[in-house]
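These notes concern the structure reproduced below.
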Amino acid sequence: MSRAGGFRCALARVNTQISRKRAVERVALANEELRKVNEDLERRVGADQPLIDANQRLKVEIADREESQARSQYLAYHDSLTGLGNRLLFKDS
């Protein structure tokens, strides 16, 4: 192998190593950016959790209130012992 050929071979190896190092650095940079984005997303989602919990509690309260109102309405027009309609039910009809 001539000196020029050996030099070209060595230069090709160096270029390959430099390319690999740059690729590794790009991957590390991309991983760091991904980590930052994930942390930001987790922070945002975590901040919404109290709101999600409050909405869930309100849904339960609304359902309880609607059930209570329906029960009160039923008791107003029906006998509590027999469940048969009372005078108010027939009067309003």
Side-chain angles (χ1 to χ4, degrees):
M1 185 183 285
S2 69
R3 279 186 154 213
F7 179 74
R8 277 187 248 136
C9 183
L11 184 59
R13 287 182 183 161
V14 168
N15 283 334
T16 300
Q17 288 176 351
I18 290 172
S19 294
R20 284 183 187 161
K21 179 145 177 62
R22 286 181 180 160
V24 167
E25 289 172 351
R26 284 193 303 267
V27 168
L29 183 62
N31 284 336
E32 179 62 22
E33 289 296 318
L34 182 60
R35 185 190 61 76
K36 287 178 183 177
V37 169
N38 281 336
E39 284 179 359
D40 185 50
L41 182 60
E42 287 177 9
R43 182 184 51 78
R44 289 180 185 189
V45 170
D48 290 342
Q49 193 59 46
L51 182 59
I52 292 168
D53 294 342
N55 282 337
Q56 186 61 33
R57 285 191 305 272
L58 285 174
K59 286 179 185 179
V60 169
E61 284 183 31
I62 290 169
D64 289 346
R65 183 171 293 173
E66 288 174 345
E67 184 180 329
S68 176
Q69 287 175 345
R71 181 77 178 141
S72 294
Q73 185 75 15
Y74 179 83
L75 290 174
Y77 291 99
H78 294 82
D79 182 73
S80 60
L81 184 61
T82 64
L84 297 174
N86 63 17
R87 282 186 238 162
L88 288 175
L89 178 65
F90 296 113
K91 190 177 181 181
D92 286 347
S93 295

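Note that this is a predicted model, so its numbers are computed, not measured. One is the number of the first residue; the rest follow in order along the sequence.
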Problem - Separation of Q69 CD from E66 CD (nearest 0.5 Å) - result: 7.0 Å

Exercise for the section: Taking atom CD of E67 as the centre, report whether more than 12 heavy atoms of other residues, nucleotides or ligands fall under 6.0 Å from it. Expected result: no

Exercise for the section: Would you give the length of the straight line joining atom CZ of R44 to atom CG of L41, rounded to the nearest 0.5 angstrom? Expected result: 7.5 Å

Exercise for the section: Look up atom CG in N86 and atom NE2 in H78, then write down how far apart they are to the nearest 0.5 Å. Expected result: 7.5 Å

Problem - Heavy-atom side-chain proximity of R35 to E39 below 4.5 angstrom - result: yes

Problem - Positive for side chain to side chain contact (heavy atoms under 4.5 Å, CB included) with Q56, one of L58, V60, I52 - result: V60

Practice task
Please name the pair of heavy atoms, one in S80 and one in L75, separated by the smallest distance, quoted to 0.1 Å.
Solution key: CB-CD2, 4.4 Å

Fill in the blank from the handout: Rounding to 0.5 Å, atoms CG (D53) and CG (D48) come to a distance of 11.0 Å

Practice task
Verify, without hydrogens or angle tests, whether T16 (side chain) and A12 (backbone) share a donor-acceptor contact under 3.5 angstrom.
Solution key: yes

Completion exercise
Distance col, row L51:CG vs Q49:CD, nearest 0.5 angstrom, shows 9.5 Å

Fill in the blank from the handout: CD1 of I62 to CZ of R57, rounded to nearest 0.5 Å, is 12.5 Å

